[in-house]
Amino acid sequence: MNRLLAQKILQHESRIDEWLRAHEKKSPFYLSADVRDAGFKVCPIDANLYPAGFNNLHPEFHGVAAQSLRNALADNGVYPESKLLVVSEEHTRNLFYLENLHVLGHIFEMAGFAVEFASQFVLPDVEYENGLCRLVTAKNNTVVLLHPELAAERLEQFAAIILNHDSSSGTAEWIQAAHKPVLPPWQAGWHSRSKACHFVHYRNLVAELAHIAGLDPWFLSALDAPVRDVDINLPKDRERVAAAAEKLLAQIAEKYAEYGIREKPYVFLKSDHGTYGMAMLTFENAAGILDINRREKNRLFRGKSSVVVRNYLLQEGVPTVFYDNGHPAETVVMLAGGHFIGSFSRANTQKSTRESLNSTGMYFRPHAPAETTHEAARIAQLLARIAAVATQREIDELLAARHTGKALCP
């Protein structure tokens, strides 16, 4: 990270922390934020409300995570010696995801809770015996999942439902109908959340921080442009996307010229409701959007769970200056109840510093506690906390909209 940028932020660290604490009276149950550091700027490029990286935390952070999750549960009226139902994703062939469930269960047990697991929907291609299926993780641990029907029948046994499922294709009725805490709220799954809305809230907050630190907010946020109601297979719709990209690239170029940055501007085109790095491509010029091939159209047309993408976000590309063992890397910060519970590097053996690292070729390296106290790490944690406040504002907005019909952010 640029030394001057770091100093500008950290010399006001206590005042910024005081300002941020005033916004953190209510925080998401848990969250992870992907933070990219280009040297000349640093910012979150995504925030995941249902994080799947607990297996990537350094073991020395498990106790910290247990304490923070215990406090977050208490804030929702759920206390130790009760039982939790953790609801998993359906992609159980991903053995590292299963390891994430195993570690998350272990952390909840450290916090004093009994834990069972269930899938939100019926798992394909697995065998259930007496309503249970047993799956082996990447490290040969066993995770036992309840059949959704059995989980629904036994709901009264659980004090809370913990979602580790982002509900891209919707939320199961048995979870919607549950008369107990569902954390995070199912209403904020990717069937409803919008990256564009998230970053509106994030930029509003960063503008306040930048005022305190005497910075241009651009150094801590990415420019973007939402494009809605798109069929990426139609030339006229791709022309709309390309026109928006051309305008955004010009805005980025203007900022580069203002600050003497010798980088070539580029943008990510991604699903506005997407996750897992799916439905995403990178472009250095608008013409590239007009000329995408069939394979690229197919990649953009459907996201996770084969959900058709209609709304996109064009986001300023932020290259990374970090490497792990010679491979481009970025920082993933984990929070629970607004508190830092660890971080890790996401690196990729097949991608460049200008591409998404959340794709084939990625690997993860846990950060030991000593690594999380350096300047760059502290700033990443600070920005992740701001992303969490922005996400809580999204949650509040989504919950209010269901009662009032109030329109969400444009």
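Counted by atom type alone, Tyr30 and Asn164 present one or more donor-acceptor pairs between their side chains at under 3.5 Å. Remark: the Ser343 side chain and the His367 side chain contain an N/O donor-acceptor pair separated by less than 3.5 Å. A side-chain N or O of Gln67 and one of Arg70 form a donor-acceptor pair less than 3.5 Å apart. Neither side chain, Glu208 nor Asn204, offers a donor N or O lying under 3.5 Å from an acceptor on the other. Between the side chains of Ser168 and Asp166, a donor-acceptor pair is found at a separation under 3.5 Å. Between Glu90 and His165, the side chains place a donor N or O and an acceptor N or O closer than 3.5 Å (distance only, hydrogens not considered). A donor atom on one side chain and an acceptor atom on the other are found under 3.5 Å apart for Ser352 and Glu355.
Of all non-hydrogen atoms in Leu314 and Ala244, the two that sit nearest each other are CD1-CB, 3.6 Å. Heavy-atom minimum distance, Ala47 versus Leu31: CB-CD1, 4.3 Å. Contact detail for Pro185 and Tyr50: the closest heavy-atom pair is O-OH, 2.8 Å. Heavy atoms only, all atoms of each residue included: Tyr266 and Arg354 are closest at CE1-O, 2.8 Å. Residues Leu357 and Met362 approach most closely at O-CB, 3.3 Å, considering heavy atoms. Here the closest heavy-atom approach between residue Gln120 and residue Gly170 is recorded as OE1-O, 3.7 Å.
The closest side-chain heavy-atom distance from Gln251 to Leu248 is below 4.5 Å. A heavy-atom distance below 4.5 Å is found between the side chains of Leu155 and Ile161. For the pair Val87 and Ile162, the minimum side-chain heavy-atom distance is 4.5 Å or more. Counting heavy atoms from C-beta on, the side chains of Leu150 and Leu132 come closer than 4.5 Å. Between Leu98 and Val136, the closest side-chain pair of non-hydrogen atoms is not below 4.5 Å. Within the 4.5 Å cutoff, side-chain heavy atoms of Ser32 are placed close to those of Asn48. Annotation: side chain of Ile45 is in contact with side chain of Glu330 (closest heavy-atom distance under 4.5 Å).
Between the side chain of Ser167 and the backbone N or O of Thr171 there is no donor-acceptor pair closer than 3.5 Å. Listed for the Tyr312 side chain is no donor-acceptor partner under 3.5 Å among the backbone atoms of Val241. In terms of modelled atom types and a separation under 3.5 Å, the side chain of Ser221 and the main chain of Pro217 share a donor-acceptor contact. Of the possible polar contacts, one joining the Asn293 side chain to the Glu296 backbone as a donor-acceptor pair under 3.5 Å is found. A donor-acceptor pair is defined here as one N or O able to donate and one able to accept, closer than 3.5 Å; such a pair exists between the side chain of Arg238 and the backbone of Asn233. Put simply, the side chain of His273 gets close to the backbone of Arg193: a donor and an acceptor are under 3.5 Å apart.
No more than 12 heavy atoms of other residues, nucleotides or ligands lie within 6.0 Å of CD in Glu246, so this atom counts as exposed by the packing criterion. Around CD of Glu18, the count of heavy atoms belonging to other residues, nucleotides or ligands within 6.0 Å does not exceed 12. Applying the 6.0 Å contact sphere to NE2 of His211 captures no more than 12 heavy atoms from other residues, nucleotides or ligands. More than 12 heavy atoms of other shown residues, nucleotides or ligands fall within 6.0 angstrom of atom CD in Gln157. Within 6.0 Å of CD in Gln7 there are more than 12 heavy atoms belonging to other residues, nucleotides or ligands.
For Arg365 and Glu371, the salt-bridge test passes: some basic side-chain N is under 4.0 Å from an acidic carboxylate O. Ion pair Asp17/Arg385 flagged as a salt bridge, since at least one NZ, NE, NH1 or NH2 atom sits closer than 4.0 Å to an Asp/Glu carboxylate oxygen. Salt bridge present: Lys41 and Glu316 bring a charged side-chain N and a carboxylate O closer than 4.0 Å. Ion pairing of Lys255 with Glu258 is present here, as a side-chain N (NZ or NE/NH1/NH2) and a carboxylate O approach within less than 4.0 Å.
Atoms CZ and CG, on Arg93 and Leu135 in that order, are 11.5 Å from each other to the nearest 0.5 Å. Distance check, rounded to the nearest 0.5 Å: CD1 of Ile212 to NE2 of His12 gives 9.0 Å. Rounded to the nearest 0.5 Å, atoms CD (Gln187) and CG (Leu399) are 5.0 Å apart. Interatomic distance, Ser27 OG to Leu335 CG, rounded to the nearest 0.5 Å: 8.5 Å. Note: Arg299 CZ to Met280 CE = 8.0 Å, rounded to the nearest 0.5 Å. The distance from the OG atom of Ser68 to the CD1 atom of Ile107 is 10.5 Å, given to the nearest 0.5 Å.
A distance of 6.0 Å or more separates the ring centres of Phe96 and Phe364.
When Ile379, Leu215, Asp37 are each tested for a side chain to side chain contact (heavy atoms under 4.5 Å, CB included) with Leu5, only one passes: Leu215. Here the rule is salt bridge (Lys or Arg N to Asp or Glu O under 4.0 Å) with Asp224, and of Arg203, Lys270, Lys247 only Arg203 fits it.
Trp186 and His191 have tilted rings, their planes meeting at an angle from 30° to 60° on a 0 to 90° scale. Ring orientation note: the planes of His198 and Tyr202 are close to parallel, at an angle under 30° on the 30°/60° scale. Ring geometry for Trp218 versus Phe40: interplanar angle under 30°, hence parallel rather than tilted (30 to 60°).
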